[in-house]
Amino acid sequence: MARRNTPSLVSPSGSRQVTPLPFLFLTLLFFACSGPASEARCVFPAIFNFGDSNSDTGGFWAAFPAQTGPFGMTYFKRPSGRASDGRLIIDFLAQALGLPFLSPYLQSIGSDFRHGANFATLASTVRLPNTSLFVTGISPFSLGIQLNQMKDLRTRVVALKGTDHLPPADVFGQALYTFDIGQNDFTSELGSLGIGAVKQYLPQVASQIAWTIKEIHDIGGRTFMVFNLAPVGCYPAFLTELPHNPSDLDSYGCMISYSNAVVDYNNLLNDTLQHMRDMLPDATIIYVDTHSVKLELFRHPKTHGLVYGTKACCGHGGGAYNFDPQVYCGNSKVINGTKVTATACGDPQNYVSWDGIHATEAANKLVTAAVLGGSIFHPPFPLSKLCDLQPIG
Ligand SMILES: *[C@@H]1O[C@H](CO)[C@@H](O)[C@H](O)[C@H]1NC(C)=O
Ligand SMILES: *[C@@H]1O[C@H](CO)[C@@H](O)[C@H](O)[C@H]1NC(C)=O
Ligand SMILES: *[C@@H]1O[C@H](CO)[C@@H](O)[C@H](O)[C@H]1NC(C)=O
């Protein structure tokens with residue numbers, strides 16, 4: 001299986017293999033002479049990302065401006081459109097590949113798409129949402145819409161070649177395509193329909209991700225990374241909101257039934273991607289098991305330099321989870337005549353969970369380190385050989 005994918009590894013760098021030697025020599029000389037950390041070598045000149053809040057670098061809040069502090073407090077020192085106190089996995093990944101942070105496709109001011117674009121928005125699903133964002137809290141920018149945006153961007157890049165802030169037209173075959181989506185398909189109807197009904201449509205979620213890869217392959221994409229579903233059974237928000245008995249918790253305080261359903265979905269996703277590999281032998285499709293890293297952080301935060309697993313940094317109510325469904329991180333509400341505000345802890349670097357649903361920058365950094373280490377790729381993928389990985393400071 002890994003073998004089947006090996007030939008395509010040369011595809012992003014294929015053009016470089018036929019580079020005339022004198023040019024190659026000059027290029028090497030240039031790299032040798034350039035200052036430290038300036039010219040990172042990486043076969044991927046760009047990243048195109050599809051996803052939800054876990055990888056949204058500002059798309060949702062560009063479309064519907066309203067984000068407030070304490071989001072962004074750790075790194076950006078202002079709300080940056082990210083659902084975290086700082087950087088996301090996609091930010092650290094871009095940094096490691098020597099690329100700038102990805103501009104949101106929906107951001108009309110200050111965007112630069114020369115090294116990719118981010119189609120992810122907070123609350124996005126894989127499946128088409130039925131009803132209004134303002135009724136269900138589900139983003140209208142579901143995966144099918146994000147794919148259409150990608151196709152539109154490509155059409156415009158090809159038509160407007162050479163325009164400022166757009167990549168060259170040959171970027172699409174060389175880029176890395178990343179997917180971090182499906183969490184809202186899993187969680188948004190757990191409360192109303194229950195786990196049994198949700199399990200019924202999960203195969204559709206996995207197969208739609210795989211077919212999106214097929215569509216991008218049809219327009220030239222060759223290298224794909226799919227991040228699997230996080231251990232939502234350990235999230236402070238769901239531990240607070242979803243009905244369960246103490247006996248439903250495992251020894252780490254995570255909900256067993258939801259944890260098992262996540263593992264089942266991830267296995268299904270892994271199998272579905274295998275089928276797509278069989279269909280697209282010249283594509284490299286990598287299943288990235290970030291779930292195992294996140295689960296380890298929730299279970300043993302102290303082993304990894306953190307303190308709190310299933311307790312949110314930013315929230316209200318204190319207690320084991322510090323999550324109040326009535327007052328989400330950064331919001332205020334009058335409850336029984338008293339104004340309460342969900343504020344951030346002073347030490348987000350000690351937490352896995354930022355706001356009960358999303359990870360802190362500290363956790364995202366640890367997960368990215370595992371991604372860059374290569375141990376959670378299936379099949380194996382030599383990222384560190386294809387790119388001079390830059391330190392993620
Ligand atoms: C939309 O509604 C249909 C019919 O009620 C249902 O089968 C489907 O699962 C819903 N989709 C989503 C994303 O909620
Ligand atoms: C994914 O499936 C392959 C078999 O196709 C298996 O070898 C691998 O261990 C699976 N990965 C994970 C993380 O479950
Ligand atoms: C608000 O007051 C009602 C009635 O006194 C009480 O039942 C409820 O628990 C209170 N809610 C909160 C969030 O304190």
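Only heavy atoms go into these numbers, but all of them, side chains included; no hydrogens, no water, no symmetry mates.
Remark: Cys314 SG to Cys329 SG, distance under 2.5 Å.
For the pair Asp185 (side chain) and Arg127 (backbone), a donor-acceptor distance under 3.5 Å is present. Listed for the Asp56 side chain is a donor-acceptor partner under 3.5 Å among the backbone atoms of Leu122.
Atom NZ of Lys151 is surrounded by more than 12 heavy atoms from other residues, nucleotides or ligands within 6.0 Å.
Partner Gln274 forms a side-chain hydrogen bond (donor to acceptor under 3.5 Å, both in side chains) with one of Asn270, Asp278, Asp271, Thr272 and no other, that one being Asp278.
Within the model, atoms CD of Gln107 and CG of Leu102 stand 11.5 Å from one another, a figure rounded to the nearest 0.5 Å. In this structure, CD on Gln95 lies 9.0 Å from CD on Gln390, to the nearest 0.5 angstrom. Note that CD of Glu296 is 8.0 Å distant from OH of Tyr252, once rounded to the nearest 0.5 Å. Atoms CG and NZ, on Asp91 and Lys365 in that order, are 12.5 Å from each other to the nearest 0.5 Å. The distance from the OH atom of Tyr265 to the CG atom of Leu268 is 7.5 Å, given to the nearest 0.5 Å. Between the OG atom of Ser124 and the CG atom of Leu143 there is a distance of 8.5 Å, given to the nearest 0.5 Å.
Taking the six-membered ring where the residue is Trp, Phe119 and Tyr105 present tilted rings, their angle falling between 30° and 60°. Taking the six-membered ring where the residue is Trp, Phe141 and Phe64 present tilted rings, their angle falling between 30° and 60°.
Side-chain contact check for Val352 versus Thr360: every heavy-atom pair is 4.5 Å or farther apart.
Taking the ring axis of Tyr75 as reference, the NZ or CZ atom of Arg82 does not stay both within 45° of it and closer than 6.0 Å to the ring centre. Within the cation-pi definition used here (under 6.0 Å to the ring centroid, within 45° of the axis), Arg87 does not qualify as a partner of Phe92.
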